[in-house]
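For reference, the structure is listed below as structure tokens.
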Amino acid sequence: MEVRGPNLQNDGESGRPTHPRGFPSGEAGKSNHNTGGRYVDFRVSVVLPAGGTGERTGLLTPKQFCSFLGRPLISYTIQAFERVSWIRSVVVVVAKENMDLMMDIIQRFQHQRVRVVPGGSTRHRSICNGVMALGEGETPAADRPEVVIIHDAVRPFVDEDFLHKIATAAKEQGAAGAIRPLVSTVIATTSEGYLDHSLERVKYRASEMPQGFTYDVIRQAYQRCTESDFEFGTECLHLALQYCGTNAKLIEGPPTLWKVTYKRDLAAAESIIKETLSRTACLITGGSAPAVALAGALRKAAGALEMELDVVPDLAGDNGGYLLKEWNFIQVSVSRRLSEVEALLAALEAANRAVLHPPVVIWVHLSGAGESSAGPEPSAFWDLASRARLRNVLLYGLRLHQSKDAERWERSVLRAAEIASALIQGRSPALVGQLLQA
Ligand SMILES: Nc1ccn([C@@H]2O[C@H](COP(=O)(O)OP(=O)(O)OP(=O)(O)O)[C@@H](O)[C@H]2O)c(=O)n1
Ligand SMILES: O=P(O)(O)OC[C@@H](O)[C@@H](O)[C@@H](O)CO
């Protein structure tokens, strides 16, 4: 039995899944927006095993459902994949008793392209259920993934570049896996608990996730493996080699690929999540051409500052998910009126998240070339920011005058990106309500 999340549908035109931020991915998984221009020309789906109980944390709540800033760990992992527009679908595998909880998380955080299938008594059984779900029933061959990425749901810090390396290598080699240097030496023990021998550490690596496989390889591996594999195995790469003769390409991954296993890992994950909160923002254009043009320039400038901007025209429909997932917003207005940013503040209040962590809102007033660069009454903006501050929202103002001189305009945009990045990183109460000039 599988349960489909909301809108597990295509964009209605091209048959491609829509990007979770409300605009379609390019052809055949080509990305056409802020994913660094990465794309693949084959179909990729993901299986996230999340059916465990997390015994080693010592907590009653399975670690994948432990929350940080009001959001379960698994939601952060799913979003890491949602940001990758060339991934067509995500299958989350959870214990039967957690299916409703998982569906609630998908609905609440408006995750797209996600479906939920029941797990098994072991990790391999859960992964197998996820893999089989990708091709079961009447799924036409043309809709089946060509590559399946398997990634533990409790490894939330995975980036698109590495996913791209794994998926590409899996397509070429049949299988690919992430590895990391060993931190401790591996030793073999005798049955009496003494040292038997130690392994030469330089010859070994830790097998991590994500891993990638062609769909045929991983499906065949699970069709052929034994009950003992299902019960005691921990390595999908081994199954591919043992049962398909497919030797995985091993790719050293970044240190961020670690798995949340013990209670201390949850504290580390929370700290990293908080630290990365200031590296993304949702930029709302309001749909006007000058604002959309500014958004593109700001996104490029912000990228150089290691900040990722997701650009949307508004927060209607699927984009409403930002109110639950994003902590930083940039509202661009070509009018001096504060109505658009007032609407954003009202939506944030309705989402009621500020008690956990103060969201940052930067109102950018873009005055057009040839117009007066006068902004709103400073006192009106100050009053609005003061009211927002009472609701734990940090509102800053930034005025940007569109210059006809291309070089001068480019410098202004870069300065605006630098100021926005500094405001988001700093979250300074002292600058709340100020109308800064880029
Ligand atoms: N029957 C299982 C067991 C594990 N997993 C998933 O496999 C991933 C890695 O496994 P692990 O870290 O061992 O998770 P747990 O089995 O939950 O941890 P523990 O061994 O401490 O109980 C986790 O996302 C876990 O939810 C799964 O889908 N189905
Ligand atoms: O064994 P556990 O279930 O704790 O964790 C799973 C890990 O073994 C697995 O994620 C990697 O080693 C790669 O296979």
Does NZ or CZ of R353 lie under 6.0 Å from the centre of the six-membered ring of W327, at an angle within 45° of the ring axis? yes
Quick one, V158 and T256 - any side-chain contact, counting heavy atoms below 4.5 Å? no
Given the rule in the side chain to side chain contact (heavy atoms under 4.5 Å, CB included) test, do M102 and I78 qualify, once you have shown the distances and angles that lead to the verdict? CA-CA 11 Å; M102 191 63 234; I78 293 171; 3.6 Å; yes
Among R108, Q107, M103, which one satisfies side chain to side chain contact (heavy atoms under 4.5 Å, CB included) with I105? R108
Are any of the side-chain heavy atoms of V341 and S333 separated by less than 4.5 Å? no
Over 12 non-hydrogen atoms of neighbours within 6.0 angstrom of CD in Q223: yes
Stepwise side chain to side chain contact (heavy atoms under 4.5 Å, CB included) test for Y76 and L69: CA-CA 11 Å; Y76 290 99; L69 293 173; 3.9 Å; yes
Salt bridge R123-E235, side-chain N to carboxylate O under 4.0 Å: no
Donor-acceptor under 3.5 Å (Q64 side chain, G52 main chain): yes
Should the ring pair F230 and Y222 be called parallel, tilted or perpendicular, given that the plane angle runs from 0 to 90° and is split at 30 and 60? parallel
Working to the nearest 0.5 angstrom, can you tell me the gap between E136 CD and L134 CG? 9.0 Å
Taking it one step at a time, do R427 and N328 satisfy side chain to side chain contact (heavy atoms under 4.5 Å, CB included)? CA-CA 10 Å; R427 293 174 179 270; N328 309 300; 2.8 Å; yes
Would you list the atom pairs, donor with acceptor, under 3.5 Å between side chains in residues 239-250 and any protein atom, with sequence neighbours excluded?
from	atom 1	to	atom 2	distance (Å)
Y243	OH	D229	OD2	2.3
T246	OG1	C244	O	3.4

Got more than 12 heavy atoms from elsewhere within 6.0 Å of CG, L390? yes
Nearest 0.5 Å please: distance from the CG atom of L431 over to the CG atom of L394. 10.0 Å
Carboxylate-amine/guanidinium proximity below 4.0 Å for R391 and E349: yes
Just wondering, do R180 and R205 contact through their side chains at under 4.5 Å, heavy atoms? no
Could you tell me the separation between the CD atom of E146 and the CG atom of D216, rounded to the nearest 0.5 Å? 9.5 Å
Can you check whether R155's main-chain N or O pairs, donor with acceptor, with D152's side chain at less than 3.5 Å? no
Looking at V131, is its backbone amide N or carbonyl O close enough to the side chain of R219 to form a donor-acceptor pair, meaning the two atoms are under 3.5 Å apart? no
Exceeds 12 heavy-atom contacts within 6.0 angstrom, atom CG of D100: no
Mind running side chain to side chain contact (heavy atoms under 4.5 Å, CB included) on F81 and H151 for me, showing each step along the way? CA-CA 10 Å; F81 288 90; H151 187 75; 3.6 Å; yes
Can you tell me how far NE2 of H365 sits from CG of L400, rounded to the nearest 0.5 angstrom? 10.0 Å
Does either side chain, that of T122 or that of E231, offer a donor lying less than 3.5 Å from an acceptor on the other one? no
For E275, salt bridge (Lys or Arg N to Asp or Glu O under 4.0 Å) partners two or more places apart: R279
Verify, without hydrogens or angle tests, whether K63 (side chain) and V260 (backbone) share a donor-acceptor contact under 3.5 angstrom. yes
Output the distance between atom OG (S45) and atom CZ (R88), rounded to the nearest 0.5 Å. 7.0 Å
Please examine the side chains of W86 and L163, heavy atoms only from C-beta on, and report whether any two atoms are closer than 4.5 Å. yes
So do Y396 and L436 actually touch side chain to side chain, heavy atoms under 4.5 Å? no
Pairwise distance CZ(F329) to CD1(I362) - rounded to 0.5 angstrom: 11.5 Å
Within 6.0 Å of NZ in K259, more than 12 heavy atoms from elsewhere: yes
With a 3.5 Å distance limit and no angle check, can you tell me whether T168 reaches the backbone of K165 through a side-chain donor-acceptor pair? no
